[in-house]
Asks: 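Before I ask anything, here is the structure I am working with.
In the text below, chain A, chain B and the rest are named by the order of the sequence lines, each starting its count at 1.
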Protein chains: 2
Amino acid sequence: MATIRDVARYANVSTATVSRVMNRNGYADAETSRRVKEAIEQLDYRPNDVARSLFKGRSGMIALLVPDITNPFFPELARAVEDKTNLNGYSFVLCNTDNDVAKQLNYLNALQQKSIDGFIIVSSSLTPDNMQSLQVPAVALDRVISPSMPSVTVNNRSGARQAVDHLKAIGCRRIAHVAGLEYADNAAQRMRGYLDAVKQEDWFDSRYIVSGAYHFNQAQEAVETMLSNNPDIDGIFAGNDMMGAGVLHAAASLGKRIPDDLAVVGFDGIALSETVTPALTTMTQPIYDMGAKAADMLINQIETADSTVMTEEFNVQLAERESTLRKAATNEQ
Amino acid sequence: MATIRDVARYANVSTATVSRVMNRNGYADAETSRRVKEAIEQLDYRPNDVARSLFKGRSGMIALLVPDITNPFFPELARAVEDKTNLNGYSFVLCNTDNDVAKQLNYLNALQQKSIDGFIIVSSSLTPDNMQSLQVPAVALDRVISPSMPSVTVNNRSGARQAVDHLKAIGCRRIAHVAGLEYADNAAQRMRGYLDAVKQEDWFDSRYIVSGAYHFNQAQEAVETMLSNNPDIDGIFAGNDMMGAGVLHAAASLGKRIPDDLAVVGFDGIALSETVTPALTTMTQPIYDMGAKAADMLINQIETADSTVMTEEFNVQLAERESTLRKAATNEQ
DNA sequence: TTGTAGGCGTTATCAA
DNA sequence: TTGATAACGCCTACAA
């Protein structure tokens with residue numbers, strides 16, 4: 001690898017001049033400039049970014065911490081962040097944390113030793129205290145970590161309420177809920193939205209809420225049990241799409257037809273919701289936009305040292321699909 | 001941030017001594033060593049990795065290039081690579097290339113400027129020539145790039161053949177194929193495997209092969225057309241699971257029952273294949289193991305400068321699920 | 001307009 | 001057993 005010194009020698013100038021020409025700052029004679037560019041070309045010189053980082057104290061890298069990229073909600077988020085960081089000349093580091101606090105702190109430290117420029121963090125386990133050790137900007141994504149930290153989220157509570165209202169609108173009389181991870185902020189909000197919509201109903205019963213821990217299998221099992229014990233349930237709001245798919249399987253194994261015996265609404269709008277049969281009605285989050293927005297906010301913070309704490313809440317949107325498309329009922333409305 | 005000099009001052013020693021104590025190399029008096037550790041503790045000193053990288057010429061980072069992390073095959077691969085790299089003290093960089101040659105070369109260059117230690121590459125567009133500019137070790141994953149480059153793949157051809165044989169075994173008489181991306185090496189192999197199994201059959205007709213470009217929608221549309229024109233098709237081998245899901249939708253919209261009217265086998269074994277209804281029979285790849293193996297091979301190359309070109313081919317395995325579980329036929333076998 | 005020289009933080013060589 | 005010092009490759013006062 002050629003260094004700046006090689007280029008300088010080749011062009012018969014000093015390294016300072018090469019640097020100036022290369023970075024277009026400071027004066028440079030047209031002829032000198034030409035010689036330098038020629039030399040760069042000839043030697044196929046490319047500046048060493050590590051040396052640059054050392055000098056500048058910034059590495060041009062941005063990290064995204066997610067619980068598990070294998071969870072289908074995160075790839076689209078990651079893609080958005082990567083696209084944006086890349087577009088702005090940054091490199092993209094991905095970290096799977098399993099929501100483990102130690103792992104997260106580990107990454108935070110290790111990457112700061114690499115002069116990382118900023119973090120985007122999806123976490124339901126980090127506390128505001130944990131953020132104290134951060135020396136660089138960070139944005140919380142999908143889940144709030146601390147009120148004093150910028151964040152990008154969705155209206156989980158009112159979105160959940162909309163989902164349940166939709167089930168009511170198509171004629172459901174007994175609506176149950178499969179809840180997500182207990183300690184996750186967004187799961188709690190979605191349950192609250194469900195309660196907003198049903199707790200006044202005379203049929204409401206706390207046994208209509210079961211936990212699926214955001215997982216396909218657990219949701220399927222929990223729902224099979226619940227449906228067996230409460231055969232009059234005719235609508236289910238699942239806290240996310242994976243669990244929605246679990247509900248579809250549970251229904252199938254009990255011989256319930258969807259949507260006529262049982263209507264289902266999910267939450268998230270991941271690709272899976274469309275590929276499942278019947279296609280799953282869901283509250284779609286603008287996942288890509290959320291990731292992109294978080295990246296924008298972070299880059300803005302990095303480059304302008306603007307420290308106002310921005311907070312962005314996106315709206316979810318109902319995507320009506322087969323799992324709630326009742327031939328008769330929809331016309332009735 | 002405290003530097004090694006701060007520590008040296010605090011402990012009344014030279015930076016050289018601090019470095020030796022910190023890295024446990026070279027002699028160090030017990031008492032001196034204690035003082036240095038004390039100083040490190042007190043000042044909460046953490047070595048600057050960028051400076052280290054500059055000196056060593058290696059950054060401790062490994063990059064994975066994939067076409068699109070949004071494609072459900074890649075997250076598990078990425079997770080495996082991240083786990084392994086991390087376990088070995090490396091950081092993990094993820095790059096989405098869209099299989100675009102320019103983007104890929106861009107990443108290759110940019111990351112080498114950052115003294116990246118090695119690459120794992122999933123690509124069906126890079127040529128052996130493109131690999132010339134590589135100054136660091138690289139491993140091809142899922143698809144071969146050059147015979148002179150280490151690679152981790154699966155037995156696409158014989159796996160595909162197994163899939164078709166399974167369809168025959170459960171009683172299918174007219175078996176069609178939805179093929180993947182034309183220019184992808186693995187798609188070609190899978191089609192070849194399909195042909196191995198059917199081209200001697202008297203019913204075989206080249207119209208039984210349609211392209212789905214590895215996509216859900218395209219597969220669905222192509223198969224709807226094909227099934228309408230050839231109602232006697234009773235089995236379909238899809239080149240991947242996404243397209244398998246598309247086939248299920250096509251069948252549903254034509255009122256064909258699965259598996260009795262139409263049996264379906266996919267390829268890949270991504271999570272989707274289990275969550276779809278009916279669950280999709282598929283040839284499962286050991287995705288996580290493949291990623292882990294590629295990472296192992298790469299790290300080994302990096303750390304031992306061992307340049308023998310290893311090649312690893314994993315075997316796919318049939319996972320029988322509902323989409324081929326014919327009540328009558330399976331017993332007949 | 002250009003060059004000299006010092007520094008970014010670490011490591012390794014060599015002398016003491 | 002320890003310390004001075006010269007790299008690693010780049011950038012930017014400052015001087016010329």
Side-chain angles (χ1 to χ4, degrees), chain A residues 1-37 39-40 43-61 89 109-117 135-136, chain B residues 1-37 39-40 43-61 89 109-117 135-136:
Chain A
M1 268 292 190
T3 75
I4 198 173
R5 251 185 287 274
D6 300 326
V7 176
R9 249 192 304 272
Y10 192 99
N12 254 307
V13 296
S14 73
T15 60
T17 300
V18 175
S19 175
R20 278 189 296 254
V21 170
M22 180 167 61
N23 301 310
R24 294 180 189 64
N25 81 47
Y27 304 89
D29 183 78
E31 164 59 12
T32 319
S33 177
R34 203 197 50 69
R35 281 214 321 278
V36 169
K37 284 174 182 159
I40 289 179
L43 301 175
D44 190 27
Y45 164 71
R46 285 166 234 169
N48 179 319
D49 269 335
V50 177
R52 281 186 163 168
S53 295
L54 179 57
F55 181 85
K56 307 216 174 199
R58 323 191 305 107
S59 66
M61 299 191 309
N109 284 325
L111 291 171
Q112 284 185 100
Q113 289 182 234
K114 287 194 180 306
S115 298
I116 193 108
D117 291 0
Q135 312 280 346
V136 296
Chain B
M1 268 293 193
T3 75
I4 198 172
R5 252 185 285 274
D6 300 326
V7 175
R9 247 192 305 273
Y10 190 100
N12 255 307
V13 295
S14 73
T15 60
T17 301
V18 175
S19 176
R20 277 189 299 257
V21 170
M22 180 167 63
N23 301 311
R24 293 181 188 67
N25 79 45
Y27 304 89
D29 182 79
E31 162 59 11
T32 320
S33 177
R34 202 197 50 69
R35 280 213 322 278
V36 169
K37 283 175 184 158
I40 289 178
L43 301 176
D44 189 28
Y45 165 71
R46 286 165 232 172
N48 179 320
D49 269 335
V50 177
R52 281 185 163 170
S53 295
L54 178 58
F55 184 86
K56 305 218 173 194
R58 321 191 307 108
S59 66
M61 299 191 310
N109 283 326
L111 291 170
Q112 284 185 102
Q113 291 188 39
K114 289 194 178 308
S115 298
I116 193 108
D117 291 1
Q135 311 281 345
V136 296

Asks: Identify the two heavy atoms, one from B/T15 and one from B/A8, that lie closest to each other, and give their separation to 0.1 Å.
Replies: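 Result for this residue pair: N-CB, 3.7 Å.
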
Asks: Closest heavy-atom contact between A/L54 and B/V50?
Replies: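 That closest heavy-atom pairing would be N-CG1, 3.4 Å.
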
Asks: So if I take every side-chain heavy atom of B/A16 and compare against C/dT4, C/dA12, C/dT11, which nucleotide ends up nearest?
Replies: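 Closest nucleotide among those given: C/dA12.
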
Asks: Measuring from A/R9:CZ to A/T3:OG1, what's the distance to the nearest 0.5 Å?
Replies: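 The OG1 atom of A/T3 is 6.5 Å from CZ of A/R9, to the nearest 0.5 Å.
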
Asks: Going by heavy atoms in the side chains, are B/N25 and B/R20 under 4.5 Å from each other?
Replies: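 Heavy-atom side-chain distance check passes, below 4.5 Å.
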
Asks: With DNA chain D as reference, determine whether A/T3 or B/N12 sits nearer its 5' end, using the nearest nucleotide of each.
Replies: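 The 5'-side residue here is B/N12.
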
Asks: Please give me the minimum heavy-atom distance between B/R35 and B/N12, naming the atom from each residue.
Replies: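 What the structure gives for the nearest pair is NH2-O, 3.6 Å.
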
Asks: Indicate the atoms forming the closest heavy-atom contact of A/R46 with B/N109, along with that distance.
Replies: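 What the structure gives for the nearest pair is NH1-OD1, 2.8 Å.
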
Asks: Would you jot down, in residue-number order, the residues of residues 20-33 of chain B having a non-hydrogen atom under 4.0 Å from DNA chain D?
Replies: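 Listed by number, they are B/R20, B/Y27, B/A28, B/D29, B/T32.
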
Asks: Take atom CD of A/Q112 and atom C1' of C/dG9, then tell me their distance rounded to the nearest Å.
Replies: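 These atoms are roughly 17 Å apart.
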
Asks: Considering every strand and a 4.0 Å limit on heavy-atom distances, what is the contact class for A/S19: base, sugar-phosphate, or nothing?
Replies: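 Counting heavy atoms under 4.0 Å across all strands, the contact made by A/S19 includes a base.
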
Asks: Are OP1 or OP2 of C/dG3 and a side-chain N or O of A/T17 less than 4.0 angstrom apart?
Replies: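 Answer is yes, contact under 4.0 Å.
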
Asks: At a heavy-atom distance below 4.0 Å, which nucleotide of DNA chain D is the first touched by chain B, and which is the last?
Replies: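 So the contact region on DNA chain D extends D/dT1 to D/dG9.
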
Asks: Going by the side chain to side chain contact (heavy atoms under 4.5 Å, CB included) test, name the single residue among B/V18, B/N48, B/I40 that passes it with B/I4.
Replies: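 It is B/V18, the one option of B/V18, B/N48, B/I40 that forms the side chain to side chain contact (heavy atoms under 4.5 Å, CB included) with B/I4.
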
Asks: Ignoring hydrogens, what is the shortest heavy-atom contact between B/Y45 and B/A2? Give both atom names and the distance.
Replies: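 So the two residues come closest at CD1-O, 3.3 Å.
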
Asks: I would like to know whether B/V36 and B/S33 meet side-chain contact (heavy atoms from CB on, under 4.5 Å); could you show each step before the answer?
Replies: CA-CA 5 Å; B/V36 169; B/S33 177; 5.8 Å; no

Asks: Do you know the tightest heavy-atom contact between B/S53 and B/S59?
Replies: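 That would be OG-CA, 3.4 Å.
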
Asks: Contacts to DNA chain D from residues 46-60 of chain B, heavy-atom cutoff under 4.0 Å, which residues?
Replies: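 DNA chain D contact set from residues 46-60 of chain B: B/L54, B/F55.
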
Asks: Using atom types as modelled and distance alone, determine if a side-chain donor or acceptor of B/Q135 lies under 3.5 Å from a backbone N or O of B/Q112.
Replies: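 Between the backbone of B/Q112 and the side chain of B/Q135 there is no qualifying donor-acceptor contact (under 3.5 Å).
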
